[in-house]
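Note on naming: letters A, B, ... go to the chains in the order of the sequence lines (proteins, then strands), and numbering restarts at 1 for each one.
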There are 2 protein chains.
Amino acid sequence: MPLTPLHQEFVLHFGEMGSRWGINRTVGQIYALLFISSEPLNAETITDALGISRSNTSMGLKELQGWNLVRLKHLPGDRRDYFTTPDDLWEIVRTLVAERKKREIDPTLTKLRELELQGPAGDDYAEARIAELREMIEMMTGFYAEMERLETERLVKLMTLGGRIAGLIDKATGLFPTLTKRN
Amino acid sequence: MPLTPLHQEFVLHFGEMGSRWGINRTVGQIYALLFISSEPLNAETITDALGISRSNTSMGLKELQGWNLVRLKHLPGDRRDYFTTPDDLWEIVRTLVAERKKREIDPTLTKLRELELQGPAGDDYAEARIAELREMIEMMTGFYAEMERLETERLVKLMTLGGRIAGLIDKATGLFPTLTKRN
DNA sequence: CTTACATTTCAGAAATTTCTGAAATTACTG
DNA sequence: CAGTAATTTCAGAAATTTCTGAAATGTAAG
């Protein structure tokens, strides 16, 4: 069956956006379609809805499974595979962030440490920059690990604290607002 | 002149990673090279160091300028353009995050609002999911705006608070640790 | 204004990625 | 265990992206 205009627009948008991410258009479209579908869909349905080949659907679904972004379901009396996205949006976001970190950040951290271990190469500037970059990434991944540990409820609270965050930080660190200029 | 092994490895790594981001290999390499170079480089130097065509360098630099990731400098008595990355790593990160938000998040937020404005389309589930997604993105961008407003010093403090964050949130929101299970 | 250099543009070539249809594989059913 | 349905694999086709060399444009100095 053809998509409703709403589905159509939503799916096409995520197809386009997909390319700005690391994923391709089709994968973006499949995910978008699953995301707004109330029921699990099988590969055949997706293929028809998006007007792509059956094998392309298969590859796209496999990629999404590699990202841990889809759930496989089975309906009684039907041996086809059905796919859904988690109901809980927070779960989706957590997965997305975790996977992007794994693919985009972790390999770089590994490489930087490796370069540092290779010892002094006689270029102080480059070595200092690499060390600085590694330290920053370590700080950020450390913070990320904290956030990941927080249950959703607290995470929401933190994100909606609004302007009170600065004061909180100052109190927590026993320091009063500094007079330094911004940034 | 050829790159030192350290530069070589660093540059190649960021070339590879570039593709996992939205940027292409060459752009990643150019940026990496500028990043670990203590002095500003001109297009000719970059071209030679990376073994690419002069026009490719030009395009890569233009793209990096579009991302606000490089600074243009001029040396007295030399009319070529010289390029650098900011000394302050935090500034680089801020720019990167801001640009990615602009390209990856904002257009989606706009599209979701647009879809909602088009009014009920008779698919309650899809409409609810779109609304939910929009709300989540709004919350996250709101939080991001807070973070962006913080001067670096406070940001570092926040990121290095470690395990004390949960308690802080609870205190700030006047609630004690809940008994709900994680996530 | 002319010359000399520097940079950008752009059409086509090269490389890479994505997509398809056919064949192979897997796995359920009777 | 034979037959059928579902899925995956994969080689080549199609599409897209990236890169190059040549030409065009810009720019500063004499």
Side-chain angles (χ1 to χ4, degrees), chain A residues 11-12 14-34 39-67 69-84 103-104, chain B residues 11-12 14-34 39-67 69-84 103-104:
Chain A
V11 161
L12 290 182
F14 278 86
E16 306 273 307
M17 292 313 283
S19 1
R20 301 210 190 172
W21 284 52
I23 70 176
N24 74 41
R25 189 179 328 146
T26 305
V27 173
Q29 290 182 354
I30 294 174
Y31 194 77
L33 180 59
L34 293 175
E39 301 302 325
L41 305 179
N42 61 43
E44 182 69 13
T45 307
I46 295 168
T47 298
D48 294 346
L50 301 182
I52 60 181
S53 72
R54 182 53 240 272
S55 56
N56 199 3
T57 301
S58 179
M59 286 166 135
L61 285 169
K62 236 187 115 198
E63 168 133 21
L64 286 171
Q65 285 176 287
W67 279 78
L69 282 170
V70 294
R71 295 278 159 85
L72 185 55
K73 294 219 169 184
H74 280 108
L75 302 186
D78 185 336
R79 49 187 170 106
R80 289 170 294 179
D81 293 337
Y82 282 78
F83 298 88
T84 46
R103 287 156 213 255
E104 299 181 0
Chain B
V11 161
L12 290 182
F14 279 86
E16 305 273 306
M17 292 313 283
S19 3
R20 300 210 189 171
W21 285 52
I23 71 176
N24 73 41
R25 189 179 329 145
T26 304
V27 173
Q29 290 183 353
I30 294 174
Y31 194 77
L33 180 59
L34 293 175
E39 300 304 324
L41 304 179
N42 62 44
E44 183 67 13
T45 307
I46 296 168
T47 298
D48 293 346
L50 301 182
I52 60 181
S53 72
R54 182 53 242 271
S55 55
N56 198 4
T57 302
S58 180
M59 285 165 136
L61 285 169
K62 238 187 114 199
E63 167 132 20
L64 286 172
Q65 285 176 286
W67 278 78
L69 282 171
V70 294
R71 295 276 160 85
L72 184 55
K73 293 220 171 184
H74 279 108
L75 302 186
D78 186 337
R79 51 189 170 100
R80 288 170 295 179
D81 293 338
Y82 283 77
F83 298 88
T84 46
R103 287 156 212 255
E104 299 181 0

Pairing residues for A/R80 by the salt bridge (charged side-chain N to carboxylate O under 4.0 Å, His left out) criterion, not counting sequence neighbours = A/D78
Could I get the full list of side chain to side chain contact (heavy atoms under 4.5 Å, CB included) partners for A/L64, not counting sequence neighbours?
-> A/V27, A/I30, A/Y31, A/L69, A/V70
About how many Å separate [atom2] of [Y] and [atom1] of [X], when rounded to the nearest 0.5 Å?
| X | Y | atom1 | atom2 | answer |
| --- | --- | --- | --- | --- |
| A/N56 | A/R25 | CG | CZ | 10.5 Å |
| B/R54 | B/D48 | CZ | CG | 10.0 Å |
| B/L12 | B/M17 | CG | CE | 13.5 Å |
| A/T26 | A/M59 | OG1 | CE | 10.5 Å |

Whether over 12 other heavy atoms sit under 6.0 Å from B/Q65 CD | yes
side-chain N/O B/K62 vs C/dT9 OP1/OP2, d < 4.0 Å = yes
What does the inter-axis angle of the helix from C/dC1-D/dG30 to C/dG30-D/dC1 come out as, five pairs per end, nearest 10 degrees?
-> 20°
Would you kindly give the [atom1]-to-[atom2] distance between [X] and [N], to the nearest whole Å?
| X | N | atom1 | atom2 | answer |
| --- | --- | --- | --- | --- |
| B/L72 | C/dA6 | CG | P | 15 Å |
| B/L64 | C/dT8 | CG | P | 13 Å |
| B/R20 | D/dT17 | CZ | P | 20 Å |
| B/R80 | C/dT8 | CZ | P | 14 Å |
| A/L41 | D/dT7 | CG | P | 13 Å |
| B/D78 | C/dA6 | CG | P | 7 Å |
| B/E44 | C/dT8 | CD | C1' | 15 Å |
| A/D81 | D/dA5 | CG | P | 17 Å |

Of A/S19 and A/Q65, the one whose closest DNA chain D nucleotide lies more 5' | A/Q65
Residues in contact with DNA chain C, drawn from residues 21-31 of chain A - heavy-atom cutoff 4.0 Å | A/N24, A/T26
Please lay out, stage by stage, how B/L50 and B/V11 fare under the test side chain to side chain contact (heavy atoms under 4.5 Å, CB included).
-> CA-CA 9 Å; B/L50 301 182; B/V11 161; 3.7 Å; yes
Residue from B/N42, B/L41, B/L34, B/L72 passing side chain to side chain contact (heavy atoms under 4.5 Å, CB included) with B/Y82 = B/N42
Answer yes or no: is there a donor N or O on one side and an acceptor on the other, between the side chain of A/R103 and the main chain of B/R20, under 3.5 Å?
-> no
Heavy-atom protein contacts under 4.0 Å, nucleotides 20-30 of chain D, coded B base, S sugar-phosphate only, - none | BB-----BS--
Could you pull out all residues at least two apart from B/S58 that satisfy side chain to side chain donor-acceptor pair (under 3.5 Å)?
-> none
